[in-house]
K.L.:
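A single structure is presented below for examination.
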Amino acid sequence: SVTNRDSTAVDSICSYGNGSQAPNFDKATVYQELRNMTNNITKLGIYKLDEESLYVNGYNEPLQRSRLSITTAPSPTTNHFTLNFTLTNFQYTADLDAPNSRRFISTEKVIKHYIDPLFKRSSIRSVYTGCKVMRFRSGRRRSDTGVDAVCSYKNNVSMAKFDREAVYHELSTMTNGVTKLGHFSLEKNSLYVNGKHT
C-alpha cells in the first residue's frame, strides 16, 4: 500500500536469458547499478522516485542516515518474491492482457482465493501478506495460461531468511505435486518460487 496519495507503486517482472554464457544473476549488483542510473533512486525520466522504494528480486539497501542519538527498534520491512505457474485447463484470451479488464480482475480474484490458503499453511504463514497477479500469458497449448505473480512478506528479526526451496516444496506438496490448484489443473513442471524450480 502507498501512504502518500500522490504516489503510485509499481511492481514488475523482468526476464533474462540464462544460457551458459550468462553470468549468475547478482541482484545486489543490479540494484546498485539501477540506483546509480536513477540519481540515487530519485528520478526515472519525468518521474520522481521514493528513494527507499527500489527492490530487485526482493533485495533492498537501507538508506544511510546520519547517526541518531536515540536508537529505535527497526520496523518490519516488506520483501517480495516471484511466483510463476501454468494453468492447463484455462484458455488464454486477449482480454487477459489488460489488468483493468473484467476477465483479468475476476481471474486474479479466483487465483488469489486458491493461493492465499496455501501460503497461510506454509512455513511463512506468520509473515505472508499477499500475492498480486502481474501478468497472464499464453501457454504452449491453446488451453494453457501462464500466471506471473509477485508475493510479499514481512521481514522481521524473528523470521529466518526466506527459504525459497522450502516454500517451493511446500507448494508442490499442497498442489498434489504441482497438478491441481482449486478447480484449475497445473502443468507439472511450471512452478517457480523466486526462480526456484524443482
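Numbers for residues simply follow the sequence, beginning at 1. All values reported here derive from a predicted model rather than from experimental measurement.
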K.L.:
Which atoms form the tightest heavy-atom contact between A98 and F104, and what is the distance?
P.N.:
O-CB, 3.2 Å
K.L.:
How does the hydrophobic cluster around V150 look, that is, which other residues are in it when side-chain heavy atoms under 4.5 Å mark a link?
P.N.:
I13, M134
K.L.:
Is it true that Y92 and D97 share a donor-acceptor pair across their side chains at a distance under 3.5 Å?
P.N.:
yes
K.L.:
Are any of the side-chain heavy atoms of I41 and L54 separated by less than 4.5 Å?
P.N.:
yes
K.L.:
Is it true that the side chains of T145 and Q91 contain a donor and an acceptor less than 3.5 Å apart?
P.N.:
no
K.L.:
Is any side-chain heavy atom of D50 closer than 4.5 Å to a side-chain heavy atom of T42?
P.N.:
no
K.L.:
Drop me the distance from S143's OG to L87's CG, to the nearest 0.5 angstrom.
P.N.:
10.0 Å
K.L.:
K154 versus T77: any side-chain heavy-atom pair under 4.5 Å?
P.N.:
no
K.L.:
Is a side-chain donor-acceptor pair under 3.5 Å present for N194 with Y168?
P.N.:
no
K.L.:
List for me each residue that meets salt bridge (Lys or Arg N to Asp or Glu O under 4.0 Å) alongside R135, sequence neighbours excluded, and say none if there are none.
P.N.:
D148
K.L.:
Any chance you could measure L96, atom CG, to T107, atom OG1, to the nearest 0.5 Å?
P.N.:
5.5 Å
K.L.:
First locate atom CG of L191, then atom OG of S172, and finally report the distance between them rounded to the nearest 0.5 Å.
P.N.:
7.0 Å
K.L.:
At what distance, to the nearest 0.5 angstrom, does SG of C131 lie from CD of E108?
P.N.:
10.0 Å
K.L.:
For K132, I'd like to know if atom NZ has over 12 heavy atoms of other residues, nucleotides or ligands within 6.0 Å.
P.N.:
no
K.L.:
Any luck finding a side-chain donor-acceptor pair between S152 and T129 under 3.5 Å?
P.N.:
yes
K.L.:
Distance check, rounded to the nearest 0.5 Å: D116 atom CG versus R125 atom CZ?
P.N.:
15.0 Å
K.L.:
Heavy atoms only: give me the nearest S122-M174 pair and the separation to one decimal.
P.N.:
CB-CE, 4.3 Å
K.L.:
Going only through I, L, V, M, F, W and Y residues with side-chain contacts under 4.5 Å, is there a path from F162 to L83?
P.N.:
yes
K.L.:
Measure the shortest side-chain to side-chain distance between F184 and V147 over non-hydrogen atoms and say whether it is less than 4.5 angstrom.
P.N.:
no
K.L.:
Does some side-chain heavy atom of I124 sit less than 4.5 Å from a side-chain heavy atom of F119?
P.N.:
yes
K.L.:
Shortest non-hydrogen contact from L171 to V193?
P.N.:
CD1-CG2, 3.9 Å
K.L.:
How would you list all residue pairs meeting disulfide bond (SG atoms under 2.5 Å apart) that involve residues 81-122, not counting sequence neighbours?
P.N.:
none
K.L.:
Mind checking whether L118 and T175 have side chains closer than 4.5 Å, heavy atoms only?
P.N.:
yes
K.L.:
Taking atom CG of L181 and atom OG1 of T88, what is their separation to the nearest 0.5 Å?
P.N.:
11.0 Å
K.L.:
Could you tell me which non-hydrogen atom of T82 sits nearest to which non-hydrogen atom of G195, and how far apart they are?
P.N.:
OG1-N, 3.9 Å
K.L.:
Answer yes if the ring centres of F85 and Y114 are under 6.0 angstrom apart, and no otherwise.
P.N.:
no
K.L.:
Indicate yes or no: at least one non-hydrogen side-chain atom of R140 is less than 4.5 angstrom from one of E187.
P.N.:
yes
K.L.:
Over 60° means perpendicular and under 30° means parallel, so tell me whether H197 and Y192 are parallel, tilted or perpendicular.
P.N.:
parallel
K.L.:
Which atom pair, heavy atoms only, marks the closest approach of V56 to L34?
P.N.:
CG2-CD1, 4.0 Å
K.L.:
Could you walk me through whether F136 and D95 pass the side-chain contact (heavy atoms from CB on, under 4.5 Å) check?
P.N.:
CA-CA 10 Å; F136 293 106; D95 52 353; over 6 Å; no
K.L.:
Compare all side-chain heavy atoms of V110 with those of H183 and state whether any distance is below 4.5 angstrom.
P.N.:
yes
K.L.:
I'd like to know if the side chain of K188 and the backbone of G177 have a donor-acceptor N/O pair within less than 3.5 Å.
P.N.:
yes
